[in-house]
Amino acid sequence: MTVNEKIKKYREQAGYSQETLAQKMSVSRQTVTKWEAGTIPQIDYLIQLSDLFGITLDHLVREDDCIKQEKQPLVKNDWIDFLIKAKQHTYAAKMGKVASSRIASSDYQFNEGDYMYLDSFLGSEKFSGTEAIWFQEQPLWSMNYYGYVLGAGFSGDFLKESLMRVPYDQPFRGPQLYQLGDYTYHCHADGDAHCFYGKEEIFFKDKLVYELYFHGGDLY
């Protein structure tokens, strides 16, 4: 895949039109059209594009036939580091929103090197979704979840604050316990990142206002 093909691919994956990408890059739409037609952007634009798409500059500029095709071995826990970083750079941080992959879905994506993370869910006060990781375009890890708001007092911002504190030893949702003002977050899980199931809850002034169930594991 050439540079221009990658620019188009990652632009579309991010849900950007050519005009939107042009605005983010402070160039004209015609410039983006030229890039995707085969004109190589200047190095400062290539750096901006790699940062915007969440990929390395090397991955963006090197053609695929110049890259070794053998699968790189997974370094122990590298993907857990990536999973935590991805969670902290998507839904919990109000970042990484991309075009829907399914009808009416909300999707968040994060890319870094050979890894891609996608969180896709349906619904609002009642919702169901899947988080997944791919390594070199091969499925690596997945988690399914279903949650619902039980009553008044629920705070989406507090949930996001809790999810930003995902622990390394159980990188599923938030920490076992997190408190802020009148809110308390609990998360209990059995198993480890390779195979697990669990539940998270939010209390507002000792009243249960939200709960979610999750399960998943690795796919390699």
Side-chain angles (χ1 to χ4, degrees), residues 74-98 101-102 104-112 115-135 138-220:
L74 284 173
V75 178
K76 184 178 180 181
N77 293 335
D78 267 7
W79 67 270
I80 298 179
D81 293 330
F82 169 76
L83 174 60
I84 292 173
K85 186 174 182 179
K87 285 174 173 287
Q88 294 174 336
H89 284 78
T90 49
Y91 173 78
K94 303 179 182 179
M95 297 168 55
K97 188 100 182 263
V98 295
S101 60
R102 300 172 291 168
S105 68
S106 296
D107 289 34
Y108 293 82
Q109 184 173 319
F110 181 77
N111 299 280
E112 187 172 75
Y115 291 99
M116 185 185 84
Y117 164 90
L118 179 66
D119 177 13
S120 177
F121 63 89
L122 304 171
S124 179
E125 290 192 355
K126 291 184 177 181
F127 57 95
S128 178
T130 300
E131 295 179 40
I133 298 175
W134 288 258
F135 178 74
Q138 296 298 312
L140 175 65
W141 178 91
S142 179
M143 177 179 75
N144 297 314
Y145 57 87
Y146 176 74
Y148 41 89
V149 176
L150 292 169
F154 171 75
S155 168
D157 287 337
F158 174 72
L159 172 60
K160 292 180 175 68
E161 285 275 349
S162 303
L163 297 179
M164 285 292 287
R165 291 160 172 78
V166 54
Y168 186 89
D169 59 333
Q170 292 191 322
F172 318 129
R173 299 291 293 178
Q176 291 186 12
L177 176 65
Y178 176 62
Q179 294 178 301
L180 182 66
D182 292 323
Y183 289 95
T184 301
Y185 172 94
H186 291 289
C187 183
H188 173 77
D190 290 305
D192 58 24
H194 303 285
C195 184
F196 61 88
Y197 64 92
K199 177 183 179 181
E200 72 177 6
E201 301 172 318
I202 291 179
F203 292 83
F204 175 66
K205 295 182 177 179
D206 298 325
K207 178 183 177 182
L208 180 64
V209 295
Y210 160 91
E211 57 186 8
L212 175 144
Y213 296 86
F214 58 89
H215 68 272
D218 65 54
L219 305 173
Y220 64 92

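Along the sequence shown, the residues carry numbers beginning at 1.
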Could you check whether [Y] and [X] have their ring centres less than 6.0 Å apart?
| X | Y | value |
| --- | --- | --- |
| Tyr91 | Tyr108 | yes |
| Tyr197 | Tyr213 | no |
| Tyr210 | Phe204 | no |

Rounded distance (nearest 0.5 Å) linking atom [atom1] of [X] with atom [atom2] of [Y]:
| X | Y | atom1 | atom2 | answer |
| --- | --- | --- | --- | --- |
| Ile202 | Ser155 | CD1 | OG | 7.5 Å |
| Leu150 | Glu125 | CG | CD | 10.0 Å |
| Asp119 | Phe110 | CG | CZ | 13.5 Å |
| Thr184 | Gln179 | OG1 | CD | 4.0 Å |
| Gln109 | His89 | CD | NE2 | 14.5 Å |
| Leu83 | Tyr117 | CG | OH | 7.0 Å |

If you define the side chain from C-beta out and look only at heavy atoms, does anything of [X] sit under 4.5 Å from [Y]?
| X | Y | result |
| --- | --- | --- |
| Tyr145 | Phe121 | yes |
| Leu177 | His186 | yes |
| Phe196 | Met143 | yes |
| Ser105 | Leu122 | yes |
| Pro171 | Trp79 | no |

Ignoring hydrogens, what is the shortest heavy-atom contact between [X] and [Y]? Give both atom names and the distance.
| X | Y | answer |
| --- | --- | --- |
| Phe172 | Lys87 | O-NZ, 2.5 Å |
| Phe154 | Val209 | CA-CG2, 3.9 Å |
| Tyr178 | Pro175 | CB-CG, 3.8 Å |

Check the surroundings of atom NZ in Lys160: do more than 12 heavy atoms from other residues, nucleotides or ligands lie under 6.0 Å from it? yes
Can you confirm whether more than 12 heavy atoms, excluding those of Asp169, are under 6.0 Å from its CG atom? yes
Ignoring hydrogens and angles, state whether a donor on the side chain of [X] or [Y] is under 3.5 Å from an acceptor on the partner side chain.
| X | Y | result |
| --- | --- | --- |
| Ser101 | Asp107 | yes |
| Glu211 | Tyr148 | yes |
| Asp157 | Tyr183 | no |

Would you confirm whether Tyr185, through its side chain, and Gly174, through its main-chain N or O, come within 3.5 Å as a donor-acceptor pair? yes
Would you say Glu200's side chain and Arg173's backbone share a donor-acceptor pair under 3.5 angstrom? no
Consider side chain to side chain contact (heavy atoms under 4.5 Å, CB included). Of Asp218, Ile133, Thr130, which one does Ser142 pass it with? Thr130
Might you work through the side chain to side chain contact (heavy atoms under 4.5 Å, CB included) test for Lys199 and His188, ending with a clear yes or no? CA-CA 6 Å; Lys199 177 183 179 181; His188 173 77; 5.7 Å; no
Determine, step by step, whether Glu131 and Trp141 satisfy the side chain to side chain contact (heavy atoms under 4.5 Å, CB included) criterion, reporting the C-alpha distance in whole Å, the side-chain angles of both residues, the deciding distance to 0.1 Å, and the verdict. CA-CA 8 Å; Glu131 295 179 40; Trp141 178 91; 4.2 Å; yes
Starting from the C-alpha separation in whole Å, work towards a yes-or-no answer on side chain to side chain contact (heavy atoms under 4.5 Å, CB included) for His215 and Asn144. CA-CA 6 Å; His215 68 272; Asn144 297 314; 3.7 Å; yes
